[in-house]
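Taking it in order: structure first as C-alpha cells, then the write-up.
Fair warning: this is a prediction, and the values are worked out from it, not measured in the lab.
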Amino acid sequence: MASNAEAAEIFRTIADLLDVLGEKFKPEAYRRAARSIESLTEDLAAVAARKELRAVPGVGEAIAEKIEEYLRTGTVLYYERLKREVPPGLVELMRLPGLGPKTARRFWVELGVEGPNELRDAIAAGRLDGMKGFATKKIEQLRTALATAAAGPARRAIADVYPVAHELLRTIRERATVDRVEVAGSFRRGRETVGDLDILATSKDPPTVFEAFSSHPLVAEVKMRGETKETVLLSGGLQVDLRVVKPEEFGAALQYFTGSKDHNVHLRSLARDRGLKVNEYGVFRGEERVAGASEEEVYAALGLAWIPPELREDRGEIEAAARGVVPSLVTERDLRGELHLHLPADATPDTVDRVVAEAESRGYSYLGIVVGGVGPDGAPWRLPEATRSRLAHRPSSRIRVLGAVEAGSTPLPPELSSLAHEYRIVRPSSSGSVAKTPVEDPASTVLVAHVGSAVASEAAGLAPWVDFARRTGAAIEVGPGPERLDSVGARQVREAGIAVHLPTGLGGADEDDPTRAIGLGFARRAGIRADGTLNARPVEALRIGADGPSRAPTGRSRVPPRGRSAKGRPA
DNA sequence: GCCGTTTTCGGCCCGACTGTTTTCAGTCG
C-alpha cells in the first residue's frame with residue numbers, strides 16, 4: 001500500500017546511502033524532497049494524478065519520475081540498486097552520534113566494517129589503533145556511542161517536553177542574571193515532536209546562566225561546554241542546548257536557532273542576492289551590522305515582513321513575506337470561550353463556580369460544559385443532579401454557560417460510527433435551563449471532537465470527517481493528544497474551508513498545562529486565522545439550536561456557513 | 001538533484017566545537 005510516509009522514508013534512505021558514497025549535494029536534495037512529501041496534506045497519488053508533483057518544493061524532474069515509479073510499482077529501482085551497493089549497516093553506523101558519512105565510509109573501505117556489530121569487534125580487536133585520526137579519546141567516544149545506540153526514539157511529543165522546557169526556563173530566570181530567555185528550535189515553531197531543546201539567553205553575566213542551567217537536578221550529563229554554548233543530556237535522555245548571546249545579537253540568534261533549516265537556507269541565499277550576509281550574530285553588509293537585536297529587524301533588513309515561527313518551513317512563507325501578505329494567525333487573545341469542557345464525574349457545584357470564574361478571568365464570554373452523553377463503556381451518563389442544577393441556577397456573571405451533549409444524540413453517519421468516539425451538540429442554557437435531553441436538530445451540531453489517532457494522521461482517514469463537517473456545519477477539534485488533529489490534519493481541514501475548535505485547557509491541573517499553547521501552535525502551523533476558529537467567534541455566531549425551528553432563519557442569516565469563513569480570503 | 005525578477009549552468013548557509021591535527025577535517029545544528 002503506497003503512502004506518503006513510506007515514499008519519504010525511501011528518499012531519506014537514498015540520501016543516507018548517497019552520503020556514504022560521498023555525494024556532495026544530492027543527499028540534501030533527497031532529504032528536502034522527503035520533508036516536503038511528509039508535510040503534504042494529501043496523498044501523493046492524488047497530486048500525481050493532477051500532474052502536479054513538480055509543484056512540491058524540492059521535487060524536480062528526477063524525483064517526480066521516481067515518485068511515479070513508486071506509485072506504479074511500490075518501489076524505486078535506483079533505491080534498490082543503492083541498497084545492493086552499500087551494506088545497510090553503514091546507515092546505522094552514520095546515525096551514531098559523532099559518526100558521520102566520511103567516517104562510516106572510511107571504516108567500510110579501510111577496515112571492511114559494514115555495521116555497528118563489526119565496528120564493536122574491530123575496536124575490541126584493536127584494529128582502529130594507529131588509524132589516522134583515531135586516538136584514544138575518539139575510540140572511547142565510539143565505544144560509548146555503540147553502547148548507547150539502542151536508545152529510545154529520537155523525537156518526543158511536544159506535550160511531553162513542554163513541562164520540562166518551562167521548568168528549565170523558570171530555573172534560569174530565578175537563579176541567573178538574565179535579560180531574556182526563550183526556547184527556540186522546533187519547540188518554538190510548535191512542531192508536533194521535538195528532537196532537542198534550544199534555549200537562548202542574553203546576560204551580563206553568562207557564567208551564572210551556565211551554572212544555573214547545568215546544576216539543575218534534571219541534568220544528567222554535560223556533553224559539551226564552550227564560551228557561548230553548552231550541551232547537556234537530561235536524565236530522560238533529552239538533549240538541551242543553551243546559548244548565551246549579546247543583547248544586540250538576540251534577534252538574529254533567535255531567528256537562526258528557531259529555524260527551520262530550509263527556511264534559514266532560503267533566507268541566506270536571499271540575503272546573498274541582496275549583498276547581505278545573515279548569521280546568528282546579525283545581518284551584515286560587509287563588516288557593518290545592519291540588524292540583529294530583534295527578529296523584526298532581521299526580517300526587515302531582508303525586505304521581509306516578520307514571519308510567525310510556526311510558518312517557518314520554507315513552504316512559501318518567505319515569498320509571501322516579500323509581498324507583505326503574511327497571514328495574521330489565530331492568537332490566544334482571539335479565543336472567546338470553550339465548547340468542549342469536561343468536568344470530572346464527581347464534579348460539585350463548587351467545581352462549576354471555579355471553572356466559570358477561571359473563564360471569566362480570562363475574558364471569555366461562553367463556556368460549553370458537557371452535561372451528558374455516552375461514556376467510554378457505551379453507557380449513557382449525566383453530570384450529578386446537584387451540579388447540573390448549579391449550571392442552571394448560577395449567580396449572574398458575564399459567562400454564558402452552554403450545555404453540551406455528546407454523541408448518541410444525533411446518529412453518526414455509518415462510515416464514521418466505527419471510526420470515532422463522538423461529535424458534539426451544544427445548546428445554550430437560555431432561560432436558565434440546561435439541556436437535559438439530546439438535541440436532535442442537525443443545525444445545532446457545532447463540534448467534532450476526538451476524530452481518533454488512526455484518522456488524524458492520514459489524509460484519507462480524515463476525508464469522511466471533512467465531508468461530515470461540511471454537511472452539518474460542524475467544526476473539528478485541533479490539539480495535543482492522539483485523538484485530536486495535528487497541524488497536518490488541521491491544514492487539510494482549513495483547506496476544505498472548515499473551522500476548528502481549540503482546546504483552552506480551562507480547569508487544567510496546573511499552569512504548565514500545555515493543552516492551550518500546543519493546540520494554538522498546531523492551528524497556527526496550519527495557517528488558521530481567528531475567522532477559521534469556532535471558539536474565536538462571538539456566542540451569537542455559534543450555531544446553537546436553542547429556541548427551536550422558529551429561530552432558524554434568523555440564526556442562519558447571522559451565522560455564515562463555516563465553509564466560507566476560512567476560505568475565500570487569501571490565506 | 002534542485003533551482004532561477006541578475007542564471008537553464010553553476011551555484012548550493014555558516015559558525016561552534018572536538019579531537020587531532022602543527023593548520024584542519026569532521027560533525028552538528
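Counting any heavy atom pair closer than 4.0 Å across all strands shown, Glu28(A) reaches no nucleic acid atom. Residue Phe257(A) is out of contact with every strand shown, counting any heavy-atom pair closer than 4.0 Å. Within the nucleic acid shown, Pro97(A) comes within 4.0 Å of sugar-phosphate atoms alone, with no base atom in reach, counting heavy atoms only. Within 4.0 Å of Thr231(A), counting heavy atoms only, lies no atom of the nucleic acid at all. As judged by a 4.0 angstrom heavy-atom cut-off over every strand, Lys26(A) is placed among the base-contacting residues. Across all strands, Leu267(A) comes closer than 4.0 Å to no nucleic acid atom at all (heavy-atom distances). In this structure, Gln239(A) reaches the sugar-phosphate backbone alone: every heavy-atom distance under 4.0 Å involves primed, P, OP1 or OP2 atoms, never a base. When heavy atoms are screened at a 4.0 angstrom cut-off, Lys261(A) is found touching base atoms of the nucleic acid. Residue Asn279(A) is classed as a sugar-phosphate contact, given heavy-atom separations below 4.0 Å to backbone atoms only.
Using a 4.5 Å cut-off on side-chain heavy atoms (C-beta onward), Leu520(A) and Thr331(A) make no contact.
For dC13(B) and dC3(B), the P atoms lie 14 Å apart once the distance is rounded to whole Å. dG11(B) and dA16(B): their C1' atoms are spaced 25 Å apart (whole Å). Spacing between dT20(B) and dT27(B) at atom C1', rounded to whole Å, works out to 14 Å. Here, dT6(B) and dC2(B) have their P atoms 23 Å apart, quoted to the whole Å. Taking the P atoms as reference points, dC12(B) lies 28 Å from dT18(B), given to the whole Å. Rounded to the nearest Å, the gap between the P atom of dG1(B) and that of dT5(B) is 23 Å.
The salt bridge (charged side-chain N to carboxylate O under 4.0 Å, His left out) analysis of residues 95-104 of chain A, with sequence neighbours excluded, yields the pairs Asp16(A)-Arg95(A). Sorted by first and then second residue, the salt bridge (charged side-chain N to carboxylate O under 4.0 Å, His left out) pairs involving residues 207-221 of chain A (not counting sequence neighbours) form an empty list.
Running 5' to 3' along DNA chain B, contacts with non-hydrogen atoms of chain A at under 4.0 Å begin and end at dG1(B) to dG29(B).
With 3.5 Å as the limit, one finds no donor-acceptor pair spanning the side chains of Thr231(A) and Gln239(A). With 3.5 Å as the limit, one finds no donor-acceptor pair spanning the side chains of Arg35(A) and Ser260(A).
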Ignoring hydrogens and angles, write down the donor-acceptor pairs under 3.5 Å from the side chains of residues 122-143 of chain A, residues two or more places apart or on other chains.
residue, atom, partner, partner atom, Å
Arg127(A), NH2, Leu111(A), O, 2.7
Glu140(A), OE1, Arg143(A), NE, 3.3

Donor-acceptor contacts, no H, no angles, side chain residues 307-318 of chain A, under 3.5 Å, sequence neighbours left out:
residue, atom, partner, partner atom, Å
Glu310(A), OE1, Arg524(A), NE, 3.4
Glu310(A), OE1, Arg524(A), NH2, 3.3
Glu310(A), OE2, Arg524(A), NE, 2.8
Arg312(A), NE, Tyr299(A), OH, 3.2
Arg312(A), NE, Ile307(A), O, 2.9
Arg312(A), NH1, Glu295(A), OE2, 3.0
Arg312(A), NH2, Glu295(A), OE1, 2.7
Arg312(A), NH2, Ile307(A), O, 2.7
Glu313(A), OE2, Arg189(A), NE, 2.8
Glu313(A), OE2, Arg525(A), NH1, 3.1
Glu313(A), OE2, Arg525(A), NH2, 3.2
Asp314(A), OD1, His266(A), ND1, 2.6
Asp314(A), OD2, Arg32(A), NH2, 3.0
Arg315(A), NH1, Ser39(A), OG, 3.1
Glu317(A), OE1, Asp314(A), N, 3.2
Glu317(A), OE1, Arg315(A), N, 2.7
Glu317(A), OE2, His263(A), ND1, 2.8
Glu317(A), OE2, Glu313(A), N, 3.1
Glu317(A), OE2, Asp314(A), N, 2.5

Could you list the donor-acceptor pairs under 3.5 angstrom formed by side chains in residues 75-82 of chain A, with sequence neighbours left out?
residue, atom, partner, partner atom, Å
Thr75(A), OG1, Glu80(A), OE2, 2.6
Tyr79(A), OH, Lys83(A), NZ, 3.4

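Residue order along DNA chain B, read from the 5' end via each residue's closest nucleotide, puts Tyr30(A) first among Tyr30(A) and Arg272(A). Between Arg243(A) and Gly58(A), the residue anchored nearer the 5' end of DNA chain B, judged by the nucleotide with its closest heavy atom, is Gly58(A).
For residues 72-89 of chain A, proximity to DNA chain B is found at no residue, defined as any non-hydrogen atom under 4.0 angstrom from a strand atom. Taking every heavy atom of residues 219-228 of chain A and every atom of DNA chain B, pairs under 4.0 Å involve Met224(A), Arg225(A), Gly226(A), Glu227(A), Thr228(A), by number.
The side-chain contact (heavy atoms from CB on, under 4.5 Å) search around Ala252(A) returns Val298(A), not counting sequence neighbours. Here Phe187(A) pairs with Tyr162(A) under the ring pair (Phe, Tyr, Trp, His ring centres under 6.0 Å) rule; sequence neighbours left out. Partners of Arg180(A) according to the salt bridge (Lys or Arg N to Asp or Glu O under 4.0 Å) rule, which considers only residues two or more places apart in sequence or in another chain, are Glu182(A). Arg106(A) is linked by a salt bridge (Lys or Arg N to Asp or Glu O under 4.0 Å) to Glu110(A), counting only residues two or more places apart in sequence or in another chain.
The pairing partner recorded for dT8(B) is none, the criterion being a Watson-Crick or G-U wobble arrangement whose two distances lie under 3.5 angstrom.
Test Lys26(A), Lys24(A), Arg12(A), Arg31(A) against Asp19(A) for salt bridge (Lys or Arg N to Asp or Glu O under 4.0 Å) and you get one pass: Arg31(A).
Base orientation of dT6(B): anti, the glycosidic angle falling outside 90° of 0.
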